[in-house]
Amino acid sequence: MEIITRLRGIKDILPDEIEKWKKIEQTFIEISELFGFKEIRIPIIENKFIFVKGIGTNTDIVMKEMYEFKDKKGREIALRPEGTASVVRAFIENKMYMKQKITKLYYYGPMFRYDRPQKGRYRQFYQFGVEIFGGKSPYFDAELINLLNIAFDKLGIREIIFLLNSLGCENCKDNYIKKIKGHLESNINKFCNDCKVRIEKNPLRIFDCKNISCKKTVEKLPSIIDFLCNECKEHFEKFIKLIEKFGIEYKIDPKLVRGIDYYTRTVFEVNFKNDEIAIAGGGRYDNLVRDMSGPDIPAVGFAVGIDRIVPLICDDKMIKNDVVFLVLLGENARKKSFEIMKNLIENKIKFETDYEDRSLSEYLRVVNKTGIRWCMILGDNEIEKGVVILKDMQTGKQELIENNEIVNKIKERIKC
RNA sequence: GUGAGUGUAGCUCAGCGGAUAGAGCACUGGACUGUGGCUCCAGGAGUCGGGGGUUCAAAUCCCCUCACUCACCCCA
């Protein structure tokens with residue numbers, strides 16, 4: 001029989017790596033909750049048109065990267081390629097805006113895009129995201145940057161830079177596009193084929209193109225920031241001032257336009273400095289709720305690519321400081337171990353053991369390989385005296401502990 | 001979707017037309033019998049990604065396919 005393998009671009013997350021994943025997930029969840037965000041769990045499959053409407057008909061995500069299928073009744077379904085459109089749908093459908101003015105939500109889970117796999121890019125990937133509904137002040141935009149910065153710092157990821165830009169409101173966008181369209185059309189031959197299409201359908205995306213000729217032509221264009229209306233300009237300036245107050249390393253990047261149509265005003269990305277890969281991205285989308293047939297409510301949010309952060313977490317801390325290995329010498333010790341385990345479980349102390357008939361030195365070798373720091377030795381000698389030995393595998397020091405003190409002593413040791 | 005590279009033991013790789021396909025690490029067992037990280041000995045392992053072709057002979061050459069990696073595109 002031929003073995004059936006996993007699908008292309010989709011991976012298993014094995015126990016070796018899971019601690020890193022948990023650390024990242026827990027960090028983002030914890031910090032978001034401290035900022036007052038509440039979790040929302042959105043479905044993995046949706047009506048396809050949620051994404052067509054939300055993300056934009058002409059975006060690559062919708063045109064070529066969505067997993068789509070028809071269900072048994074012929075309904076058009078899509079696996080979610082991102083979270084925001086679903087959250088907005090849920091926000092509107094459940095009339096969450098009736099509860100309070102500001103709604104702060106976070107979500108976490110797998111997203112799906114049918115893309116060619118590459119470094120940090122998988123067909124099933126994991127995003128953590130937050131959305132704030134109802135707030136139009138630049139303080140909200142800044143709060144998200146602050147949240148991201150705190151979280152990355154806590155994870156020990158410091159080689160990052162925030163790229164910031166503003167796309168303005170609908171009017172600013174229209175004005176700007178009108179201004180540059182003539183220039184684009186007169187230089188149309190200098191653009192690559194993709195950009196020729198973009199000029200018609202979504203001119204702002206030209207700024208994202210990495211083709212050298214396109215880049216050069218675009219460089220001569222005025223920046224969108226210079227075409228912002230007074231209100232948008234004020235919003236952006238205030239936002240930047242707040243970021244400066246945080247002391248965060250940032251760069252204004254007038255070419256940052258992003259590939260999703262719903263953004264207005266603030267857009268941002270967090271890039272890892274070494275290989276310029278975006279590990280988080282987001283921005284303001286003041287019209288999306290309205291455009292998806294909800295009330296006219298402004299919003300801002302971001303999404304973090306967990307898969308891209310995992311390799312950035314250093315794993316030199318392989319020593320398991322919070323686990324105790326039970327070394328059970330002989331049948332009497334094995335019998336007695338269940339009593340001890342019960343105590344450990346009640347006190348949420350992690351432990352491991354095997355029930356092999358080994359000598360002490362053999363056992364210590366086994367423990368050594370596991371990387372577990374604490375070792376509880378129990379044999380006939382100890383049982384007779386009503387004690388156990390607790391040994392620190394790192395320092396080699398050990399001490400005798402009375403039976404009734406086991407839990408307390410271990411707890412004490414684990415802390416340090 | 002486009003281009004390039006790579007698939008040989010659990011991992012990292014060697015072999016690149018010729019015999020029973022190897023090494024290091026890891027793993028298992030043993031020597032050391034209540035104090036480890038060492039050392040020594042032994043052992044298990046592989047449809048050489050899959051399919052087809054060329055050849056007396058294919059892991060090795062050719063074609064197809066699948067997967068991985070990298071870049072483009074795009075994005076988190």
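Chain naming here is simple, since letters A, B, ... match the order of the sequence lines and numbering starts at 1 in each.
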_CD (A/Glu384) with more than 12 external heavy atoms under 6.0 Å_ = no
*Residues in ring-ring contact (aromatic ring centres under 6.0 Å, His included) with A/Phe236, at least two apart?*
none
Given atom [atom1] of [X] and atom [atom2] of [N], what is their separation to the nearest angstrom?
{"X": "A/Glu65", "N": "B/C73", "atom1": "CD", "atom2": "C1'", "result": "9 Å"}
{"X": "A/Tyr263", "N": "B/C75", "atom1": "OH", "atom2": "C1'", "result": "10 Å"}
{"X": "A/Glu362", "N": "B/C27", "atom1": "CD", "atom2": "P", "result": "14 Å"}
{"X": "A/Lys119", "N": "B/C73", "atom1": "NZ", "atom2": "P", "result": "16 Å"}
{"X": "A/Tyr108", "N": "B/A76", "atom1": "OH", "atom2": "C1'", "result": "12 Å"}
{"X": "A/Asp16", "N": "B/G10", "atom1": "CG", "atom2": "P", "result": "16 Å"}

*Return each pair, listed once, that meets side-chain hydrogen bond (donor to acceptor under 3.5 Å, both in side chains) where at least one residue sits in residues 238-254 of chain A; pairs must be two or more places apart or across chains.*
A/Glu244-A/Tyr250, A/Glu249-A/Lys273
Are [X] and [Y] ion-paired here, with the side-chain N under 4.0 Å from a carboxylate O?
{"X": "A/Glu362", "Y": "A/Lys369", "result": "no"}
{"X": "A/Glu402", "Y": "A/Lys385", "result": "no"}
{"X": "A/Glu93", "Y": "A/Arg89", "result": "yes"}

*Name all pairs fulfilling the ring-ring contact (aromatic ring centres under 6.0 Å, His included) condition that reach into residues 30-68 of chain A, sequence neighbours left out, sorted by first residue then second.*
A/Tyr67-A/Tyr114
_Where at least one partner belongs to residues 146-168 of chain A, residue pairs that pass ring-ring contact (aromatic ring centres under 6.0 Å, His included), sequence neighbours excluded_ = A/Phe28-A/Phe152
*Could you identify which residues of residues 277-287 of chain A place a heavy atom less than 4.0 Å from some atom of RNA chain B, listed by residue number, or say none?*
A/Ala278, A/Ile279, A/Ala280, A/Gly281
Please enumerate all protein N or O atoms sitting under 3.5 Å from an N or O of nucleotides 64-68 of chain B, with distances to 0.1 Å.
residue, atom, partner, partner atom, Å
B/C68, OP1, A/Gly9, N, 2.9
B/C68, OP2, A/Arg8, NE, 3.0

*So, is A/Gln118 close to the B/U69 phosphate, meaning a side-chain N or O under 4.0 Å from OP1 or OP2?*
no
Could you pull out every donor-acceptor pair under 3.5 Å between side chains of residues 304-314 of chain A and any protein atom, sequence neighbours left out?
residue, atom, partner, partner atom, Å
A/Asp307, OD1, A/Tyr126, N, 2.7
A/Asp307, OD2, A/Lys11, NZ, 3.1
A/Arg308, NE, A/Gly120, O, 2.7
A/Arg308, NH1, A/Ala278, O, 2.9
A/Arg308, NH2, A/Gly120, O, 3.3

*For A/Tyr106, side chain to side chain donor-acceptor pair (under 3.5 Å) partners two or more places apart*: A/Glu33
Using residues 76-87 of chain A as the side-chain source, report each donor-acceptor pair under 3.5 Å to any protein atom, sequence neighbours left out, with the distance given to one decimal.
residue, atom, partner, partner atom, Å
A/Arg80, NE, A/Pro110, O, 2.7
A/Arg80, NH1, A/Ile42, O, 3.1
A/Arg80, NH1, A/Pro43, O, 3.4
A/Arg80, NH2, A/Pro110, O, 2.9
A/Glu82, OE1, A/Tyr262, OH, 2.7
A/Glu82, OE2, A/Thr84, N, 3.3
A/Glu82, OE2, A/Ala85, N, 2.7
A/Thr84, OG1, A/Glu131, OE2, 2.8
A/Thr84, OG1, A/Tyr262, OH, 3.4
A/Ser86, OG, A/Glu46, OE2, 3.0

*Involving RNA chain B, stems made of at least three consecutive Watson-Crick or G-U pairs, both distances under 3.5 Å*: B:1-7 with B:66-72, B:10-13 with B:22-25, B:27-31 with B:39-43, B:49-53 with B:61-65
_Under the rule for salt bridge (charged side-chain N to carboxylate O under 4.0 Å, His left out), what residues qualify as partners of A/Asp153, not counting sequence neighbours?_
A/Arg158
*Is there a donor and acceptor pair closer than 3.5 Å between the side chain of A/Arg121 and the base of B/C70?*
no
*Would you mind telling me which of A/Ile243, A/Ile145, A/Leu163, A/Asn165 makes a side chain to side chain contact (heavy atoms under 4.5 Å, CB included) with A/Phe268?*
A/Ile145
*Taking protein heavy atoms under 4.0 Å as touching, what does nucleotides 34-41 of chain B look like 5' to 3' if B marks base contact, S marks sugar-phosphate-only contact and - marks none?*
BBBB----
*Span that lies between the C1' atom of B/U65 and that of B/G24, in whole angstrom*: 33 Å
